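Only a predicted model underlies this, so the values are computations on that prediction, with no experimental measurement involved. When reading the values below, keep in mind they use all heavy atoms of this one structure, side chains included, and skip hydrogens, waters and symmetry mates.
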Amino acid sequence: MIELEGVPELIDPVMVAAFEGWNDAGDAASTAVAHLEREWKGEVFAALDAEDYYDFQVNRPTVWMDGGVRKITWPTTRLSVVRVGGDKPRDLVLVRGIEPSMRWRSFCNELLGFAHELGVELVVVLGALLGDTPHTRPVPVSGVTSDSDLAQRMDLEETKYEGPTGIVGVLQEACTHAGVPAVSLWAAVPHYVSQPPNPKATLALLNRLEDLLDLRIPLGELPEDARAWQVGVDQLAAEDSEVAEYVQTLEEARDTAELPEASGEAIAREFERYLRRRDVSPPGGHATADGGDTPSYLRDSPGGRTRPPRPPKPDTPGSAENSGGTGDAGDQGPDGEDTSED
């Protein structure tokens, strides 16, 4: 039994979670939850025991000085509560942590225990994946669920994904089996600019969360950060004609897919096919459209600048043309990055 002392009775609580790692391309999802904590001044009320779920050789603790005293911060998952004011106030239970190294079922059961004790009515898990999407277009954000009734009621996609998954997908299924309504929101991050941060993807997730929960989120400097990020990537891409041509190819594919005659159902089917081609990625990294580890597409150059990679030629194996798919976030990917999945 989880005892939560000092936590007041909550109003229509919704749990919003994000996990660093494979499910968090560009740190877009974890940054979104961190933004909510900062803007609404959330205070941590609980933390999971790090030794139960993390391999400290993979996620190492950090040492810091506090008034001359050395202290250690252990990698874990923490919960906080924030109250959203307005005409219809409600509470959000924010969960921010790292994808666990082990005992995923126990990890999910512990989070569900908190959800039960707090009277959570809905769980929303945020994720981000790498995909073939141009940085110049709006960030695709897909909302998916395993609950057919919830999908119809909230205008979401019912996930049909089959394949490797991350903690986002596992948590969503644990919620479903426990009878707790759960939704996953997935943002697609351009694979050729995978380095964090990605404020444009973070902003897109928060906008989608606003629509889903019918609330207003203070965005602070995020819109300006997103514009500055896009301008910076524009400048980098312009330095290489092949990269500029590749981005144009992605733009044309995206624009074609969004023509009136291209139905949402057809796009969703194509994206599911895209996801099924993914393999299991090695430990670390992020889920990608092809299931591989996160490629470091932007490397620091000797001069301190970054540069997009040269894309493969259209007629070579593995090129964008041959890879298929749109890179939208629609169903679980590896599930967490899963793309939609979750």
Side-chain angles (χ1 to χ4, degrees), residues 1-7 10 13-25 27-38 40-62 64 71-82 91-120 122-128 165-175 178 180 182-186 196 202 205 209 283-287 334-338 341-342:
M1 176 66 71
I2 297 175
E3 299 293 340
L4 297 175
E5 297 181 0
V7 178
L10 304 183
V14 172
M15 178 176 281
V16 180
F19 304 94
E20 299 174 17
W22 200 50
N23 312 270
D24 193 25
D27 291 352
S30 58
T31 301
V33 173
H35 178 87
L36 297 176
E37 285 183 324
R38 183 172 58 254
W40 281 319
K41 299 177 173 57
E43 294 186 5
V44 174
F45 67 85
L48 278 60
D49 189 336
E51 291 198 358
D52 288 344
Y53 305 113
Y54 296 100
D55 178 348
F56 298 139
Q57 290 183 324
V58 175
N59 298 292
R60 293 185 178 273
T62 57
W64 56 287
K71 294 187 176 181
I72 295 178
T73 298
W74 297 93
T76 189
T77 294
R78 296 177 173 84
L79 293 84
S80 59
V81 172
V82 299
D91 294 306
L92 300 182
V93 179
L94 303 179
V95 179
R96 182 159 64 102
I98 305 169
E99 183 175 67
S101 307
M102 62 197 81
R103 303 182 65 206
W104 285 19
R105 286 175 292 186
S106 297
F107 179 88
C108 292
N109 287 337
E110 189 163 353
L111 289 180
L112 284 170
F114 281 109
H116 175 73
E117 287 297 308
L118 295 168
V120 166
L122 174 69
V123 174
V124 180
V125 193
L126 307 183
T165 188
I167 192 60
V168 172
V170 172
L171 178 57
Q172 178 169 331
E173 292 311 302
C175 290
V180 179
V183 174
S184 295
L185 300 181
W186 286 99
T202 295
L205 281 170
L209 184 65
H286 301 112
D335 224 76
E337 278 187 3
D338 233 338
E341 166 160 33
D342 312 359

*Asks:* To the nearest 0.5 angstrom, please state how far the CG atom of L126 sits from the CG atom of L205.
*Replies:* 5.5 Å

*Asks:* Would you call V120 and F114 a side-chain contact if the rule is heavy atoms closer than 4.5 Å?
*Replies:*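 Counting from C-beta outward, V120 and F114 never come under 4.5 Å.
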
*Asks:* With rounding to the nearest 0.5 angstrom, report the CG to CZ distance, L118 to F45.
*Replies:* 5.0 Å

*Asks:* For L111 and L171, work out which heavy atoms get closest and say how close.
*Replies:* CD1-CD2, 4.3 Å

*Asks:* Who pairs with D52 by salt bridge (Lys or Arg N to Asp or Glu O under 4.0 Å), at least two apart in sequence or on another chain?
*Replies:* R103

*Asks:* Do the non-hydrogen side-chain atoms of T31 and D24 ever get within less than 4.5 Å of each other?
*Replies:*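 No - every pair of side-chain heavy atoms lies 4.5 Å or more apart.
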
*Asks:* Do you know the tightest heavy-atom contact between W186 and G127?
*Replies:* CE3-C, 3.2 Å

*Asks:* K41: which residues meet the salt bridge (Lys or Arg N to Asp or Glu O under 4.0 Å) condition with it, sequence neighbours left out?
*Replies:* none

*Asks:* Using atom types as modelled and distance alone, determine if a side-chain donor or acceptor of T73 lies under 3.5 Å from a backbone N or O of T62.
*Replies:*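 Checking the backbone N and O of T62 against the side chain of T73, no donor-acceptor pair under 3.5 Å is found.
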
*Asks:* Just wondering, do V123 and V95 contact through their side chains at under 4.5 Å, heavy atoms?
*Replies:*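 SC-SC contact between V95 and V123 ruled out.
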
*Asks:* How would you list, by chain and number, every residue that makes a side-chain hydrogen bond (donor to acceptor under 3.5 Å, both in side chains) with S80, sequence neighbours excluded?
*Replies:*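 Here the qualifying residues are E37.
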
*Asks:* Identify the heavy atoms of E99 and Y54 that sit nearest to each other, and give their distance.
*Replies:*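 So the minimum-distance heavy-atom pair works out to O-CE2, 3.7 Å.
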
*Asks:* Taking salt bridge (Lys or Arg N to Asp or Glu O under 4.0 Å) as the definition, give me every residue that meets it alongside D27, ordered by chain and number, with sequence neighbours left out.
*Replies:* none

*Asks:* Return the minimal non-hydrogen interatomic distance between T77 and G97, and the atom names on each side.
*Replies:* OG1-CA, 3.5 Å

*Asks:* Just how far is it from atom CZ of R96 to atom CG of L79, taken to the nearest 0.5 Å?
*Replies:*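 Atom-to-atom, R96:CZ and L79:CG are 11.5 Å apart.
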
*Asks:* Is the backbone of A28 close enough, under 3.5 Å, to the side chain of T202 for a donor and an acceptor to pair up by distance?
*Replies:* yes

*Asks:* Counting C-beta onward and ignoring hydrogens, is there a side-chain heavy-atom pair between D49 and W74 closer than 4.5 Å?
*Replies:* no

*Asks:* Please lay out, stage by stage, how C108 and I167 fare under the test side chain to side chain contact (heavy atoms under 4.5 Å, CB included).
*Replies:* CA-CA 9 Å; C108 292; I167 192 60; 3.9 Å; yes

*Asks:* Could you check F19 against V33 for side chain to side chain contact (heavy atoms under 4.5 Å, CB included), going step by step and ending with a plain yes or no?
*Replies:* CA-CA 9 Å; F19 304 94; V33 173; over 6 Å; no

*Asks:* Residues in ring-ring contact (aromatic ring centres under 6.0 Å, His included) with Y53, at least two apart?
*Replies:* F107

*Asks:* What's the shortest heavy-atom distance between M102 and D55, and which atoms?
*Replies:*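 Shortest heavy-atom separation between M102 and D55 comes out as CE-N, 3.7 Å.
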
*Asks:* Considering residues at least two apart in sequence or located in another chain, which fulfil the salt bridge (Lys or Arg N to Asp or Glu O under 4.0 Å) criterion with E20?
*Replies:*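 Counting only residues at least two positions away or on another chain, E20 forms no salt bridge (Lys or Arg N to Asp or Glu O under 4.0 Å).
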
*Asks:* In Å, rounded to the nearest 0.5 Å, how long is the span from CD1 of I98 to CG of N23?
*Replies:*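 So the CD1 of I98 and the CG of N23 are separated by 12.5 Å.
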
*Asks:* Evaluate the criterion side chain to side chain contact (heavy atoms under 4.5 Å, CB included) for residue pair L36 and V82; output intermediate values, then yes/no.
*Replies:* CA-CA 8 Å; L36 297 176; V82 299; 5.7 Å; no

*Asks:* Looking at A182 and C175, what are the two nearest heavy atoms and their distance?
*Replies:* CB-CB, 3.5 Å

*Asks:* Does the side chain of W40 come within less than 4.5 Å of L94's, by heavy atoms?
*Replies:*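 Heavy-atom side-chain distance check fails, nothing below 4.5 Å.
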
